[in-house]
*Asks:* 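One structure, pasted below without further comment.
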2 protein chains.
Amino acid sequence: MPSPRPMRADARRNREALLTAARAAFLTGDADAHVEEIARRAGVAVGTLYRHFDTREALVAEVYRQEVAELCAAPPDLLAQHAPDEALRRFLLLLVAHSAVGKGMGEALESIMATDSAVFDDARTEMATALDELLAAGVAAGVVREGVNGRVLLRALGGICGMHAKGWQDDAARITEILYDGMRYGAANSARASDG
Amino acid sequence: MPSPRPMRADARRNREALLTAARAAFLTGDADAHVEEIARRAGVAVGTLYRHFDTREALVAEVYRQEVAELCAAPPDLLAQHAPDEALRRFLLLLVAHSAVGKGMGEALESIMATDSAVFDDARTEMATALDELLAAGVAAGVVREGVNGRVLLRALGGICGMHAKGWQDDAARITEILYDGMRYGAANSARASDG
DNA sequence: ACCTAAGCGGAACCCGACTCACCTTATGGA
DNA sequence: TCCATAAGGTGAGTCGGGTTCCGCTTAGGT
């Protein structure tokens, strides 16, 4: 066992408070809230924040890990309920929807997808894996071209999430459709999907 | 005329030296060179740097404006020598090639394309216009689907430029092809291009 | 040659992430 | 119940950047 003693109660409480405070700050627009501010909102000092998270970025990453995990849980359900290509399309749109929950969320997703930042390695791998699952199903069914992997697709989606100009959701949906069509173009059976 | 007197000779020289030093730093990998370092390389003090550029970011933007301008000059030539869809494809690949000249260039292009940073507004507009030109030609020829504009496409390309893991150029080329196919899918005359 | 405004230098400043030496307290065993 | 002790908390201080400011320098016109 790595931890003979579990985390002390106050420590766990503070850690939770920090995550809550950070989430509140990030999701309500203030994506670059200062560590002092986050700590203050959580009712602790900065030292405590740094006891629980190595860097500010690590805190950010942890906040969004849950959101990402939720997103990444979707593929099995989608594949159970839809044809592979439709499942893929829906997942892409789900991604857009997620980046709509707040400026902070969008920027975090962009960092996860469009940068090489080591802090987001876990999240990136998780999302790439989720996409791989969808892509593999599509390829197997002959409705998605081969040679596309999750990591690559993730990159292509990165730019979408940082968008927040007026009407961005339409733009995002449009890009998503382009990518979707691009992946199907030339597949063994590239008819337009019609379920769902 | 906005400036009755032209810029003083030493000032112009220093401005040029700063741009040269910054370009050298950025293109040779050190994309986040410190202002002190850039000023030192240019043989001036930081105060001088700030006389010529409002912020560090403004200097970065100016350095890459020329690269971007070069890129944006390409569409007319491409359209003169190739079918509209092939011209588009080549331009996209040209973009990838440009982001390959250095880590700094790639990151700058990513900032231009994937963020809303006001500093890059000019560059962004210029590139969107260049893409619009290509897209319009493609739509007119019935080889590119309607409803895609330069700004949107720019977004979709953003993530490509930040990539620098081993083998990224293959990934980038692949994404580019996906987008290209996605844009043609469903166009009036969507046969695969064969010129060039 | 001299005047003067444009230009320059660089120490000082600000601001934000991060550290560390010391204090507080939860917790489990006597 | 109470103590010992290590886990946890604190926040002033450090550090590393970008940015500012004001006195000095100098180009360039008369």
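Labels below follow one simple rule: chain letters A, B, ... track the order of the sequence lines, proteins then strands, and each chain is numbered from 1.
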*Asks:* For a 4.5 angstrom cut-off between non-hydrogen side-chain atoms, does A:F26 reach A:I38?
*Replies:*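 Side-chain contact under 4.5 Å: yes.
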
*Asks:* Would you give the length of the straight line joining atom CD1 of A:I178 to atom CG of A:L92, rounded to the nearest 0.5 angstrom?
*Replies:*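 A:I178 atom CD1 to A:L92 atom CG measures 12.5 Å (nearest 0.5 Å).
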
*Asks:* Go through the structure and list residues passing salt bridge (Lys or Arg N to Asp or Glu O under 4.0 Å) with A:R89, not counting sequence neighbours.
*Replies:*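 In terms of salt bridge (Lys or Arg N to Asp or Glu O under 4.0 Å), with neighbours along the sequence ignored, A:R89 is linked to A:E86, A:E177.
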
*Asks:* Hey, what bend do you get for the helix from C:dA1-D:dT30 to C:dA30-D:dT1 if you fit axes on five pairs at each end, rounded to 10°?
*Replies:*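 The end-segment axes of the helix from C:dA1-D:dT30 to C:dA30-D:dT1 are tilted 0° relative to each other.
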
*Asks:* Would a 4.5 Å heavy-atom cut-off, applied to side chains only, mark A:E36 and A:L49 as touching?
*Replies:*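 In short, these two side chains do not touch, never coming nearer than 4.5 Å.
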
*Asks:* Does some side-chain heavy atom of B:W168 sit less than 4.5 Å from a side-chain heavy atom of B:V96?
*Replies:*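 With C-beta onward as the side chain, the pair touches.
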
*Asks:* Are any of the side-chain nitrogens in B:R155 or A:D171 under 4.0 Å away from the carboxylate oxygens of its partner?
*Replies:*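 Salt bridge between B:R155 and A:D171, a charged N being under 4.0 Å from a carboxylate O: no.
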
*Asks:* State, with a plain yes or no, whether a side-chain heavy atom of B:V60 is found less than 4.5 Å away from one of B:Y64.
*Replies:*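 Yes; the side chains approach each other to less than 4.5 Å.
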
*Asks:* Of all of residues 42-60 of chain B, which get a heavy atom below 4.0 angstrom from DNA chain D, listed by number?
*Replies:*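 Under 4.0 Å from DNA chain D: B:V46, B:Y50, B:T55, B:R56.
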
*Asks:* Do the non-hydrogen side-chain atoms of B:V144 and B:Y180 ever get within less than 4.5 Å of each other?
*Replies:*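 Counting from C-beta outward, B:V144 and B:Y180 never come under 4.5 Å.
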
*Asks:* Are A:R151 and A:T125 close enough that some pair of their side-chain heavy atoms sits under 4.5 Å apart?
*Replies:*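 A side-chain contact under 4.5 Å is absent here.
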
*Asks:* Run the side-chain contact (heavy atoms from CB on, under 4.5 Å) test against A:R41 and tell me which residues pass, sequence neighbours left out.
*Replies:*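 Here the qualifying residues are A:A21, A:A24, A:A25, A:E37.
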
*Asks:* Scan residues 11-29 of chain B for pairs that pass side-chain hydrogen bond (donor to acceptor under 3.5 Å, both in side chains), counting only residues two or more places apart or in two chains.
*Replies:*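 Qualifying pairs, neighbours excluded: B:R23-B:Q66.
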
*Asks:* Per the salt bridge (Lys or Arg N to Asp or Glu O under 4.0 Å) rule, what does the pair list look like for residues 124-133 of chain A, sequence neighbours excluded?
*Replies:*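 Residue pairs passing salt bridge (Lys or Arg N to Asp or Glu O under 4.0 Å), neighbours aside: A:D121-A:R124.
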
*Asks:* Between which nucleotides of DNA chain C, 5' to 3', does chain B make heavy-atom contacts below 4.0 Å?
*Replies:*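 Result: C:dA6 to C:dA11.
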
*Asks:* How do A:A33 and A:M7 order along DNA chain C: which one's closest nucleotide is nearer the 5' end?
*Replies:*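 Result of the comparison: A:A33.
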
*Asks:* For B:R174, give me all partners under salt bridge (Lys or Arg N to Asp or Glu O under 4.0 Å), at least two apart in sequence or on another chain.
*Replies:*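 By the salt bridge (Lys or Arg N to Asp or Glu O under 4.0 Å) rule, B:R174 matches no residue at all.
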
*Asks:* Sort and list the pairs that fulfil side-chain hydrogen bond (donor to acceptor under 3.5 Å, both in side chains) and have at least one residue in residues 44-59 of chain A, not counting sequence neighbours.
*Replies:*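 Every pair satisfying side-chain hydrogen bond (donor to acceptor under 3.5 Å, both in side chains) with a residue in residues 44-59 of chain A: A:E57-A:S117.
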
*Asks:* Applying side-chain contact (heavy atoms from CB on, under 4.5 Å), can you list everything that pairs with A:A130, at least two apart in sequence or on another chain?
*Replies:*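 With sequence neighbours excluded, A:A130 shows a side-chain contact (heavy atoms from CB on, under 4.5 Å) to A:C72, A:P75, A:F91, given in chain and number order.
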
*Asks:* At a heavy-atom distance below 4.0 Å, which nucleotide of DNA chain D is the first touched by chain B, and which is the last?
*Replies:*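 Range of nucleotides within reach of chain B: D:dG17 to D:dG28.
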
*Asks:* Identify, residue by residue, the members of residues 11-25 of chain A with a heavy atom below 4.0 Å from DNA chain C, and return them in order of residue number, or none.
*Replies:*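 None - not one residue of the stretch has a heavy atom sitting under 4.0 Å from the strand.
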
